[in-house]
Amino acid sequence: MLFYQGVPVDRITVSAASGPYSVLIGNNAIEGLGRELDAFKLGPRRILVSSHTVWEFHGPLFRKLGADRTPILIEDGERYKNLNTVARVLDALVKAEADRSAVLIAIGGGVIGDLVGFAAATYLRGIRIVHVPTTLLAQVDSAIGGKTGVNHPQGKNLIGSFHAPSLVVADPIVLETLPRREFRAGLYEVIKYGVIKDPTLLDHIRNNTTAIFNRDAGAIAPLVMASCRIKADVVSFDERESGLRRILNFGHTVGHALEAVTKYKQFRHGEAIAYGMLAALNIGVARGMTPKSLHDEIESLIAQLGPLPSVSDISAKEVYAAIGRDKKVVAGTLHFIAATDRGKTTELTDVTEKELKAAVRKIGLRA
Ligand SMILES: NC(=O)c1ccc[n+]([C@@H]2O[C@H](COP(=O)([O-])OP(=O)(O)OC[C@H]3O[C@@H](n4cnc5c(N)ncnc54)[C@H](O)[C@@H]3O)[C@@H](O)[C@H]2O)c1
Ligand SMILES: [Zn+2]
């Protein structure tokens, strides 16, 4: 166990085709960022990229980094996750005469991470990137695994590449300033890890809800550590999503479809996943493969965290059509993850239209 300022920091190693990288997780882990960059010879040229919002809150944490200039600041929010914003980052890199030894340090949520990751993947055919995720979702999910990309007007994440980071530093302290709705959206992904792999996460969230919402760092750090460990294990085993990595898609078949039919405006990603998990549990229960008690446990845990946007105006038919257009349909076959117990899943390739429509009506969609 590592310590920065007397506080434990967890180190996880992820293996990737391009080489292993560390994920440092812990309160005040950002304090150790400079030392880590030096230890991994990530420099000397370090270029920070962040968003106005995030930099305003947390910029001072990075002043000591030895970055040689002021950060490249971009707009964030899903609607800026596009090629225009990537072009702005690339322009700034050209202007700064960044060469192949430059290291980008992306400080922000999943939008910043995905977008700057894609810029790093393409600038000079690939330069190194370090992620400092600042939303719960980015800490437990998007910063690890090397998926980068941007949206196209026709669809989400249609343009992108795999580009593994050289280092990830997840510091729960920065979550203090995260709006409550964003924070909750990340918690639904933590629930996902609880369902697919580590049921103690479910107990931890249920028993410490108040401390978690108060951003009590002692309550959040264990959640981030356990979630990162699962994501790291899965992507180390299956970087390119040829098999095992698909378990991370639990709740995402219906979740992505809900996001798509509402044009990414009605739900935060995690909120759509909360509904998607309930739909997936419904399918399992109807088949007799998911314990009803697991469905009920997740339903009440989600309810305990707060309200979700309504789905009553969304049609099951449209959601079904959107599922057919999803990336999870490979060569005409839908790969659907169902839960068979707390912490256990199976992959189904024979889920029918009837089952999907029934499951989404059960979570409140109209016919
Ligand atoms: N690459 C992957 O494997 C992967 C996995 C999951 C999601 N994603 C992507 O991640 C994106 C969503 O990421 P997100 O949920 O982090 O949203 P986000 O990046 O849009 O951030 C949400 C909001 O929080 C603000 N914010 C960020 N950190 C803050 C902080 N510490 N304090 C206050 N405000 C802060 C941002 O300015 C933004 O307004 C989506 O585009 C999704 O496609 C990628
Ligand atoms: Zn997700």
Side-chain angles (χ1 to χ4, degrees), residues 14 30 50-59 61-62 73-82 85 106-118 121 129 131-152 155-165 168 170-193 196 215 220 227-228 231-232 234-235 239-241 245-256 258-260 264 267-277 327-328 337:
V14 182
I30 288 174
S50 189
S51 77
H52 296 280
T53 317
V54 171
W55 195 252
E56 211 156 286
F57 281 123
H58 300 294
L61 289 175
F62 301 91
L73 291 183
I74 49 183
E75 302 299 329
D76 73 339
E78 199 64 42
R79 75 200 156 100
Y80 293 102
K81 187 178 155 179
N82 56 37
T85 315
I107 303 163
V111 165
I112 295 289
D114 278 14
L115 189 151
V116 180
F118 186 61
I129 179 159
H131 286 297
V132 183
T134 63
T135 62
L136 181 56
L137 181 114
Q139 295 194 348
V140 300
D141 190 357
S142 61
I144 304 172
K147 282 189 183 176
T148 77
V150 293
N151 304 328
H152 183 275
K156 215 175 114 103
N157 296 333
L158 288 188
I159 303 152
S161 76
F162 283 93
H163 187 63
V168 179
D171 186 341
I173 295 287
V174 298
L175 304 178
E176 256 172 49
T177 54
L178 195 62
R180 195 175 167 101
R181 186 175 174 195
E182 297 294 345
F183 184 71
R184 237 182 5 231
L187 280 177
Y188 302 123
E189 293 276 3
V190 178
I191 293 180
K192 177 192 79 178
Y193 292 120
I196 64 171
R215 315 298 158 88
I220 298 174
S227 301
C228 285
K231 172 106 193 215
V234 171
V235 302
E239 189 176 16
R240 298 283 170 131
E241 197 167 313
R245 189 166 178 165
R246 289 195 195 118
I247 70 167
L248 300 174
N249 290 334
F250 177 69
H252 282 58
T253 303
V254 168
H256 280 160
L258 286 173
E259 289 184 277
Y264 303 94
F267 305 102
R268 296 300 302 143
H269 171 71
E271 293 169 341
I273 298 318
Y275 277 118
M277 291 192 289
K327 290 200 289 299
K328 284 178 290 302
I337 305 299

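Counting starts at 1 for both ligands and their atoms, following the listed order. Positions are given from 1, in the same order as the sequence printed here.
Nearest N/O/S atom of Glu189 relative to the Zn ion (ligand 2): this is OE2.
A donor and an acceptor atom, one from each side chain of His269 and Glu78, are nowhere located under 3.5 Å apart. For the residue pair His58 / Thr177, a side-chain donor-acceptor distance below 3.5 Å is found, with atom types taken as modelled.
Annotation: Lys147 places an N or O atom under 3.5 Å from an N or O atom of ligand 1; distance criterion only. Residue Lys81 has at least one nitrogen or oxygen atom sitting less than 3.5 Å from a nitrogen or oxygen atom of ligand 1, judged on distance alone. Considering backbone and side-chain atoms alike, Ile112 places every N or O at 3.5 Å or more from each N or O of ligand 1. By the 3.5 Å distance cut-off applied to N or O atoms, Val174 is counted among the residues near ligand 1. The N/O atoms of Gly110, backbone and side chain alike, include one that comes under 3.5 Å of an N/O atom in ligand 1. Considering backbone and side-chain atoms together, Asp114 places an N or O closer than 3.5 Å to an N or O of ligand 1. Geometrically, ligand 1 and Asp76 share a nitrogen or oxygen pair separated by less than 3.5 Å.
With rounding to the nearest 0.5 Å, the separation of CG in Leu178 from CZ in Phe57 is 9.0 Å.
Salt bridge Lys81/Asp114: present, at least one basic N to carboxylate O contact under 4.0 Å. Ion pairing between a basic and an acidic side chain is recognised when a charged N comes within 4.0 Å of a carboxylate O; Lys192 and Glu189 show such pairing.
Contact analysis puts Leu178 in contact with ligand 1, with a non-hydrogen atom separation below 4.0 angstrom. Distances from ligand 1 to the non-hydrogen atoms of Glu176 include no value under 4.0 Å.
Near Pro179, with a cut-off below 4.0 Å to any heavy atom, the atoms of ligand 1 are 33 (C), 34 (N). Less than 4.0 angstrom separates some heavy atom of Lys156 from each of these atoms of ligand 1: 40 (C), 41 (O), 42 (C), 43 (O).
For residue Asp141, no N/O/S atom approaches the Zn ion (ligand 2) to within less than 2.8 Å.
Looking only at protein heavy atoms, the nearest one to atom 12 (C) of ligand 1 is Leu137 CD2, 3.8 Å.
Nearest residue to atom 27 (C) of ligand 1 from Thr135, Asn151, Thr53 is Thr135 (criterion: closest heavy atom). The option with the heavy atom closest to atom 40 (C) of ligand 1, from among Glu189, His256, Glu78, His269, is Glu78.
The environment of CZ in Arg181 is crowded: more than 12 heavy-atom neighbours from other residues, nucleotides or ligands sit within 6.0 Å. With a 6.0 Å radius and a threshold of 12 heavy atoms from other residues, nucleotides or ligands, Glu75 has its CD atom above the threshold.
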